[in-house]
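So that the names make sense, note that chain A is the first sequence line, chain B the second, and so on, each numbered from 1.
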Amino acid sequence: MSEITEASHGDLLVMLRHAPHGGLWLREALDLALVGAAFGQSVSLLLMGDGVWALLQGQGSGPLGQKGSQSTFEMLEMYDIERLYVDVDSLAARGLTRDDLLLPVIEVSTPELSTVLAGHRQIFNF
Amino acid sequence: MSEITEASHGDLLVMLRHAPHGGLWLREALDLALVGAAFGQSVSLLLMGDGVWALLQGQGSGPLGQKGSQSTFEMLEMYDIERLYVDVDSLAARGLTRDDLLLPVIEVSTPELSTVLAGHRQIFNF
Amino acid sequence: MLLHLLNRAPSSSSVHQDVLRTMGEEDGLMLIEDGVFGAVSAQVQHFPGLEGRLFALREDLESRGLAGRCDSRVIIVDMDGFVALTEEVQRTVSWF
Amino acid sequence: MLLHLLNRAPSSSSVHQDVLRTMGEEDGLMLIEDGVFGAVSAQVQHFPGLEGRLFALREDLESRGLAGRCDSRVIIVDMDGFVALTEEVQRTVSWF
Amino acid sequence: MRYALLVLGGPYSHQAAHSALRFAHAAIARGHRVGTVFFYHDGVYNAAHFAAPPQDEPHLVDAWRELQRTQGTVLQVCVAAALRRGLLDAREAERHGKRGASLEPPFELTGLGQLLDIGQTHERLITFAP
Amino acid sequence: MRYALLVLGGPYSHQAAHSALRFAHAAIARGHRVGTVFFYHDGVYNAAHFAAPPQDEPHLVDAWRELQRTQGTVLQVCVAAALRRGLLDAREAERHGKRGASLEPPFELTGLGQLLDIGQTHERLITFAP
């Protein structure tokens, strides 16, 4: 909890609320996060709602062979995305825990969500 | 009720589930219904979900002056659309009754919905 | 302080629940486009605890025939008032 | 008899409620695209009373990593099986 | 059987077009014919002549063309939906005082009456929505 | 103040573009400057050169052009989002072996870095989504 209060000062927060594979929101949101990181900004991601499915282990490539989101998330580590927040209530509602996820995450409870948003200079909500 | 069982034999059922003004679903669905009627098909409409807002009295023209749906609904009468069904549960959930609506409608209860669909040769769901 | 914008009706999308969980105690919520269906009396219970900071856009209410059906707990603002709200807060967050 | 297709997750859209109210007693429901999120055990309670006629598309489950998480009450079919279902029913209705 | 598909979602933005194409190939593999694909609402964007997706993504416009070439599937695009979204064939472009075209054969602009016709001439019509 | 708008919805299909235009005019009427409009996701379709809506509907592409002409508003379109959706300027069209263009000035193809830049150079950024 204290981690969120003190660490949540970043340039850019990209919120991911859409599920992977059904459309392009997740991909285009991650592209923006990667560009931010490449430009030297301090970038955080917040996964919420059906966006939490994006981190589920065991995803395949999408229909007709388009890339899944997994490779992009793995690039995140290379690009030094600073914080990967996940809304725990969204996880729980879908029967998921952090052990189901591809990458280590910072769990955020509902009362902490507004703190995460308040701590970032620029917010994009996809 | 008996009206629905016996009358629901038509060529074409167009289901309208999207609210007016927020997008083009309603307009493009009504265009299809009008073409069906112009081609001499027996056409029914079923308003459901946020689609029931389309019949609310007192609507204005949309933003930037595009046409509202009211004029199209008034054309329906000219084109002899045979049945205008409205899902009463969708009305009630939005605090509406048939008195709030622009045109006379046939009220359909939940158990009758499948009968309406079964009675039409072709169904488009928008 | 943030201003949240919501363009979905609570009757068809559950995104309003995520908005409410995310809003800080002073944040405002502006209903626009199909979001204004949430401002009518039969729907406004989806937005509890927002007295004085729940807004709806007049133009979108009027085009939908909702001007007279808006709940008294909702503050109606026109497009000029919407711009004024964005002058007061540094950041807005759009939900859809 | 109709086959209904649903491509929305019950966690974000309420359209599944309208589907259920509209389905006849013999109609089938096929979950495709983001609809397959409704097939996991934590979500399948949104589709009560559909034993033997609730289907989910294997390709969409697999791309989302859900193949092993699908509830046993859901019948998994591949694209070939989806086509086969449409051979059996004259009309399909797509919900979104 | 003779199938028709109605595509209401734009390419990439939604999975609708991907699903429709996969369905078409599966139907053909089961011995059916996919006689017509009709594009309406944002589905008309599937006919965008200038589409240039990244090389590691599927080229959906080319995939539709390939379906037409190998299976004879007719690709019909609602003209009213297409015009307001900026998809004009050479004839419509000229009529609107523009040079060139943003939609080319084998995609054909046509009226909504054709969509209703499909209901008479095909045994199945499956809709893929955004 | 200096405003920027981010438009994520295509014209007509969603009200997003209408709302953004109305917001722009209201902001200008209050003495603000609308410095940039950035088009991303399906918002890139707002730049469709061939758009030909019915005469009794607003012509959104022209309305954006008018905003640029009268207010000097810069109209930026994300190049990656545009290419896969079939919006190419003359240079990109040539690079992809197509004749003509489906996007023309005053719309400019640009990278996502520009969107982040807007956050530094404008005091407000308002998003209009589909």
Under 4.5 Å to a heavy atom of chain C? For F:A129 that would be both

Exercise for the section: Could you tell me whether a side-chain N or O of F:T127 sits under 3.5 Å from a main-chain N or O of C:S94, the two making a donor and an acceptor? Expected result: no

Residue C:Q45 excluded, over 12 heavy atoms near CD under 6.0 Å
yes

Bottom line for C:L57: the part with an atom under 4.5 Å from chain F's heavy atoms is side chain

*Side-chain H-bond candidate by donor/acceptor type, F:Q15 with C:N7, under 3.5 Å*: no

**Message:** For the CZ atom on F:R99, are there more than 12 heavy atoms of other groups (residues, nucleotides or ligands in this structure) within a distance under 6.0 Å?
**Reply:** no

- Message: Can you tell me if C:Q90 has over 12 outside heavy atoms packed within less than 6.0 Å of its CD?
- Response: no

Exercise for the section: Quick one: do C:R91 and F:R124 satisfy side-chain contact (heavy atoms from CB on, under 4.5 Å)? Show the steps, please. Expected result: CA-CA 7 Å; C:R91 289 163 300 164; F:R124 295 290 182 274; over 6 Å; no

So, the part of C:V89 with a heavy atom under 4.5 Å from chain F: the answer is backbone

Answer key: most heavy-atom pairs under 4.5 Å with chain C among F:Y3, F:F128, F:F23 is F:F23

The interface call for F:L125 against chain C, heavy-atom contacts under 4.5 Å, is backbone

Honestly, the part of C:R8 sitting under 4.5 Å from a heavy atom of chain F is side chain

Should we say atom CD of C:E25 is surrounded by more than 12 heavy atoms from elsewhere, each under 6.0 Å from it? no

message: Assess, by modelled atom type and distance only, whether the side chains of C:E33 and F:H14 contain a donor and an acceptor separated by less than 3.5 Å.
response: no

Residue pairs passing the ring-ring contact (aromatic ring centres under 6.0 Å, His included) test with at least one member in residues 54-100 of chain F, sequence neighbours excluded, are F:F39-F:W64

CE of C:M79 to NE2 of F:H25, rounded to nearest 0.5 Å, is 10.5 Å

CD1 of C:I32 to CZ of F:R22, rounded to nearest 0.5 Å, is 8.5 Å

